[in-house]
Amino acid sequence: MNENHGDIIYDIRHLKKNFGHLEVLRDISMKIQNGEVVCIIGPSGSGKSTFLRCLNLLEIPTGGELYFEGSRIDMKTSAKKLRRDVGMVFQQFNLFPMLTALKNIMYAPMHIKKMTYKEARELAMDLLTKVGMEDRADYYPEQLSGGQQQRVAIARALAMKPKMLLFDEPTSALDPELVGDVLKVMKQVAEEGMTMAVVTHEMQFARSVADRVVFMDQGLIVEEGDPETIFTHPGHQRTQTFLSRLLHEV
């Protein structure tokens with residue numbers, strides 16, 4: 001992989017996060033390159049979602065440093081600016097219930113980027129078409145299935161034209177038959193060159209889409225590498241145990 005520093009969009013150095021006496025992230029260092037798709041796997045409670053939330057300051061790290069596009073992030077004052085560049089898609093969709101699918105997507109471009117109504121509507125319709133939801137533009141979230149809501153949520157994140165997207169187990173709350181449509185949209189976004197960090201339990205997706213797979217356990221990165229190596233010849237016993245347990249469940 002190219003280690004040219006001009007290509008590094010996110011540089012995470014010795015990240016730590018405590019909740020009281022509980023150490024959730026113990027010492028995480030990682031570089032993410034522009035256009036790279038990093039899938040983060042590991043058992044529940046390993047710190048994966050907390051790590052992701054620290055990357056756009058939804059959680060303020062207890063220690064360590066974050067650099068975005070070469071500039072050090074001020075943990076206290078940079079959250080708003082950082083979230084314009086680093087979008088996030090959550091497990092539970094988080095759509096505004098009182099707004100239609102279309103208006104959910106229009107909201108941030110109009111209120112944060114100060115787009116006109118016409119510009120924002122055009123952008124939102126383009127994005128709904130991209131995620132296969134153009135015929136549901138005037139539906140409210142409660143009228144949509146979980147998978148449809150998640151596709152709208154991805155379109156909403158894309159509407160801010162972020163430089164990077166974070167996905168926190170985006171299919172974990174979905175019925176199994178709805179997972180495929182969401183993963184297909186995510187794969188398309190990845191293929192278009194979006195930098196992505198994805199916490200996921202969908203191993204087939206990680207294997208086929210990721211440039212790099214990171215295995216976390218107990219607040220640490222235990223192992224990382226290309227998908228073929230991690231899934232076929234994991235070097236660490238904890239990775240082997242985790243993957244064999246998953247494959248056994250399947």
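A cation-pi arrangement, defined by a distance under 6.0 Å to the six-membered ring centre and an angle within 45 degrees of its axis, is absent between Arg245 and Phe242. Arg53 forms no cation-pi arrangement with Phe90, by the criterion of a distance under 6.0 Å to the ring centre and an angle within 45° of the ring axis.
Tyr140 and Leu95 fall into different hydrophobic clusters, defined by Ile, Leu, Val, Met, Phe, Trp and Tyr side-chain heavy atoms under 4.5 Å apart, directly or through other members. A single hydrophobic cluster is seen to contain both Ile9 and Ile28, as judged by linkage of ILVMFWY side chains at heavy-atom distances under 4.5 Å, directly or through other members. At a threshold of 4.5 Å between side-chain heavy atoms, the hydrophobic network of Ile, Leu, Val, Met, Phe, Trp and Tyr places Phe96 and Tyr117 in two separate groups. Taken together through direct or relayed side-chain contacts under 4.5 Å among Ile, Leu, Val, Met, Phe, Trp and Tyr, Leu52 and Ile73 form part of one hydrophobic cluster. Both Val179 and Met133 are members of a single hydrophobic cluster when ILVMFWY side chains are connected at heavy-atom separations under 4.5 Å.
Shown here is Lys103, whose NZ atom has no more than 12 heavy atoms of other residues, nucleotides or ligands within 6.0 Å.
Salt bridge status for Glu69 with Lys163: present, with a side-chain N to carboxylate O gap under 4.0 Å.
A donor-acceptor contact shorter than 3.5 Å is absent between the side chain of Glu65 and the backbone of Arg13. Distance alone, capped at 3.5 Å, is enough to place a donor-acceptor pair between the Arg26 side chain and the Gln218 backbone. Of the possible polar contacts, none joining the Thr171 side chain to the Leu174 backbone as a donor-acceptor pair under 3.5 Å is found. The main-chain N or O of Gly35 is found under 3.5 Å from a side-chain atom of Thr195 such that the two form a donor-acceptor pair. With hydrogens and angles ignored, the 3.5 Å screen pairs a side-chain donor or acceptor of Asp74 with a backbone N or O of Thr77. Between the Lys113 side chain and the Met160 main chain, a donor and an acceptor come within less than 3.5 Å of each other. Using modelled atom types, no side-chain atom of Glu192 and backbone atom of Val189 make a donor-acceptor pair closer than 3.5 Å. Using a distance-only test at 3.5 Å, with no hydrogens or angles considered, no donor-acceptor pair links the side chain of Gln150 to the main chain of Gly147.
The CG atom of Asp11 lies 11.5 Å from the OG atom of Ser71; values are rounded to the nearest 0.5 Å. Interatomic distance, Ser78 OG to Arg72 CZ, rounded to the nearest 0.5 Å: 9.5 Å. Annotation: the span from Glu191 atom CD to Met186 atom CE amounts to 12.0 Å, rounded to 0.5 Å.
Results of the ring pair (Phe, Tyr, Trp, His ring centres under 6.0 Å) test with Tyr10 over Tyr67, Phe68, Phe51 single out Phe68 as the only residue that passes.
Under the side chain to side chain donor-acceptor pair (under 3.5 Å) criterion, the residue pairs touching residues 229-243 are Arg207-Thr232, Asp217-Arg238, Glu223-Thr239, Asp226-Thr229, Glu228-Thr232, Gln237-Thr241, with sequence neighbours excluded.
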Please set out all donor-acceptor pairs under 3.5 angstrom arising from side-chain atoms of residues 80-88, sequence neighbours excluded.
from  : atom 1 : to    : atom 2 : distance (Å)
Arg83 : NE     : Asn56 : O      : 3.0
Arg83 : NH2    : Leu57 : O      : 2.9

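Counting heavy atoms from C-beta outward, Thr62 and Phe19 have side chains that stay 4.5 Å or more apart.
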